[in-house]
Protein chains: 2
Amino acid sequence: MSTASLAFSGAGPIAAATRQRVLDAAAALDYSGPNPLGRQLRRGRSGIVGVVVGDSLRRSFRDPVAIQVLDGLVSTLGPLDLGVLLIPGSSDPSGPAVDPLLETAAMDVAVIMWGGTTDDPMLGALRRRGTPTVLVEGQHAPDVASVGIDDRGGMRQATEHLLELGHTRIATVTLPFDRCRGEGLVSPDEMDHLSWEITRRRLAGVTDAGVTPVAIWATPASLVEHGRSAGVALLTGADRPTAIACQSDLLASGVVLAARELGLRVPEDVSVSGFDGLDLPWLAPDVLTTVVQPLAEKGAAVGHAVEDFLSGAGPSTRELPVTLRIGTTTGPAPDVS
Amino acid sequence: MSTASLAFSGAGPIAAATRQRVLDAAAALDYSGPNPLGRQLRRGRSGIVGVVVGDSLRRSFRDPVAIQVLDGLVSTLGPLDLGVLLIPGSSDPSGPAVDPLLETAAMDVAVIMWGGTTDDPMLGALRRRGTPTVLVEGQHAPDVASVGIDDRGGMRQATEHLLELGHTRIATVTLPFDRCRGEGLVSPDEMDHLSWEITRRRLAGVTDAGVTPVAIWATPASLVEHGRSAGVALLTGADRPTAIACQSDLLASGVVLAARELGLRVPEDVSVSGFDGLDLPWLAPDVLTTVVQPLAEKGAAVGHAVEDFLSGAGPSTRELPVTLRIGTTTGPAPDVS
DNA sequence: CTTCCGTATCGAATCGATTCGATCGTGCGC
DNA sequence: GCGCACGATCGAATCGATTCGATACGGAAG
């Protein structure tokens, strides 16, 4: 048995003749090579990284941001002989709080893609199991690794850019506030229920720039259609804002489309800024002013955090820089009469 | 030990008091519940379905078709306590032909999403390992399960629709021909190198309708940009076609955009048909004439094929129907003078 | 011819849970 | 009061590969 193991794994000394003899015998018995489960049990490692993608796959994967990060992650994990197991996030509130896979699947490390809420039941389940966890864009905790970007600083830069252009009536369109994913204007007392960390940080960036938004509109997800309805709502009311800072490019492009539909010129009548730095060909000829984050690098950073755990190091923290890219969707504030 | 097992699994008779005593002891020893690897080894099942998504994740996941099928699959597999392991397809020809995960990862069943080429090295690797395999849109083989749609009939319907509108000069834009993914007009002798089954079938549908395309343009992937360049090429030459039947909606919408850019009216100057039945909001106000395939059901069908394997049944074959949806992008052929 | 050394092969324990059969204890019926 | 039956608990084998220590075999040096 041990010789056969050597013959297949190649580790340890073995005569070429013996190796061949083992391989022939294997073929005769149609033994198809070592069973991964045995190896994994013995090694104490499954070689699997569980990745929790936001709610339903369909919704998550419509977001190019998620996909590009996932792509960067898989590219980094591949050479380490690690596989990615897809774990759906908690989709509907009526069902179980965490997917059963999170409780029972074999995985060496877990990644929560949109870290989100501070009291996440998924995080609790993973702690209970003792699974090392990497949190992307979540609230930092001492026992988890964190990967994030400078959300706050980026949003501050974008807002300052709008200020420099002379805007004073600035509205903002945000990512979801909490798991309920309500849509609409946010009243002051709802600000307390802001459990989604990424939303909080980007909102804080606006405040950092010294701006109090004339309106805060929360969306259920980062999708063009939600940006569009936000845009319609914000741009048809009285006291129209002259600039709208959005927390994602998809939302921003929805707002631009809404403005066009309403007969408003961008950026002459209203300026719009985004966040992420996606390619948005269908906005042509406009180019969105946005905060560019390094998406593939973010995925790679997650991969390195995973690597750290597997090499025995403790939880690590990585923050990636962002840069402001000025496009054609922001311009000087219109004269107010 | 056996009592502890019973206490955790819940199977078999156990007194509530004993159960509690076991749980307390577990907490005291900070034992975090049964190790999945042990269970999997004993059961002989990993609970994992390996899914090979076309080449690089980034490219695959930009295709809404892939995502919707994957979503349907995950939804079906979830209740069966099965997880999806992402396996990148062979991305570049210089690297290894199959991803190492395909050779070494533990999985009960494998799914090849875009079955593609007849001599697929991945299929060989899976056969060698003895892993039951589900092929989506691939060439049927006796030892694999197949899930597909009526590609040929659907394309035939779309082409017949164009014929009824009086079109005689019909061009077609196809999915990739082989792993090399060349782009451009297809010469007759290249037809022999058509190793991608889905492309072959949809092309056969055109022929079934009695049409010999005036031009066949192959693309490297089902993306809007490739449709656009195909459209530009086909619509600027002499002897412009009056109708273009495309093998995917993304390609078709690229062709529509190209036509608009060239100042051609759709459908007055040129009719365009697609395949898939996606929502394409950015084509508004146009609605694409297309062959609608049930994407989520396709994913579910894959899930059922997996289920069949796990319940001991042999490889099954499923073919789903398609329907022609007439939109606003096809109309009567213009008068030829 | 004996001894020593290095290489190739073999034995056996181990990873952790499951599960069938065996044992133990108790309550009930006769 | 005795035996039987049933329900709860325990022992031990098993899944399959890995790996450390031990053994056997070959040649080379003394």
Side-chain angles (χ1 to χ4, degrees), chain A residues 1-48 50 81-83 100-109 128-132 310 312, chain B residues 1-48 50 80-83 85 100-109 128-132 310 312:
Chain A
M1 275 173 57
S2 32
T3 303
S5 176
L6 267 348
F8 278 99
S9 73
I14 190 166
T18 313
R19 202 180 103 85
Q20 193 52 51
R21 212 146 44 87
V22 169
L23 261 39
D24 289 347
L29 300 163
D30 63 312
Y31 168 85
S32 45
N35 181 333
L37 292 175
R39 186 212 314 271
Q40 289 173 15
L41 175 60
R42 182 66 231 249
R43 292 246 168 99
R45 253 189 209 181
S46 62
I48 287 181
D81 273 325
L82 293 172
L101 280 176
L102 205 66
E103 308 266 23
T104 63
M107 46 187 171
D108 299 333
V109 181
R128 224 176 306 126
R129 288 190 64 182
T131 307
L310 292 181
Chain B
M1 274 172 56
S2 31
T3 303
S5 176
L6 266 347
F8 278 99
S9 74
I14 191 166
T18 314
R19 204 182 102 86
Q20 192 52 53
R21 209 146 46 87
V22 169
L23 261 40
D24 289 346
L29 300 163
D30 64 309
Y31 168 84
S32 45
N35 181 333
L37 292 175
R39 185 213 313 272
Q40 289 173 16
L41 175 60
R42 181 66 231 247
R43 292 246 169 102
R45 246 181 218 188
S46 62
I48 287 179
L80 300 173
D81 273 324
L82 293 171
L85 180 73
L101 280 177
L102 205 65
E103 308 266 23
T104 63
M107 45 187 170
D108 298 333
V109 182
R128 224 176 305 124
R129 287 191 64 182
T131 307
L310 292 181

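- Between B/Phe8 and B/Gly33, the closest heavy-atom pair is CE2-CA, 4.1 Å.
- The CE atom of A/Met1 sits 12.0 Å away from the CG atom of A/Leu6 when rounded to the nearest 0.5 Å.
- For the pair B/Arg45 CZ and D/dG16 C1', the computed distance is 17 Å after rounding to whole Å.
- Residue contacts for A/Pro34: at a heavy-atom cut-off of 4.0 Å it reaches the sugar-phosphate backbone alone, with no base atom in range.
- Without hydrogens or angle criteria, A/Asp108 side chain to A/Ser46 main chain gives a donor-acceptor distance under 3.5 Å.
- Looking only at distances, a side-chain donor or acceptor of A/Arg19 sits under 3.5 Å from a matching main-chain atom of A/Ala7.
- Taking atom CD of B/Gln40 as the reference point, atom C1' of D/dA17 lies 15 Å away to the nearest angstrom.
- Closest contact between the side chain of A/Arg39 and the listed nucleotides C/dG16, D/dT18, C/dT18 involves D/dT18.
- If you check every strand for non-hydrogen atoms under 4.0 Å, A/Leu41 touches a base.
- In this structure, A/Ile48 CD1 and A/Leu82 CG are separated by 9.5 Å, a value rounded to the nearest 0.5 Å.
- B/Arg129 CZ: more than 12 foreign heavy atoms inside a 6.0 Å radius.
- Of the two residues near DNA chain D, A/Leu6 and B/Ala17, the one whose nearest nucleotide lies more 5' is B/Ala17.
- In this model, the phosphate group of C/dC10 is approached by a side-chain N or O of A/Thr3 to a distance below 4.0 Å at OP1 or OP2.
- Checking B/Ser5 against A/Ile14, the closest nucleotide of DNA chain C that is more toward the 5' end is the one next to A/Ile14.
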Polar pairs (N or O, both sides) under 3.5 Å between protein and nucleotides 12-14 of chain C?
from	atom 1	to	atom 2	distance (Å)
C/dT14	O2	A/Arg42	NH1	3.3

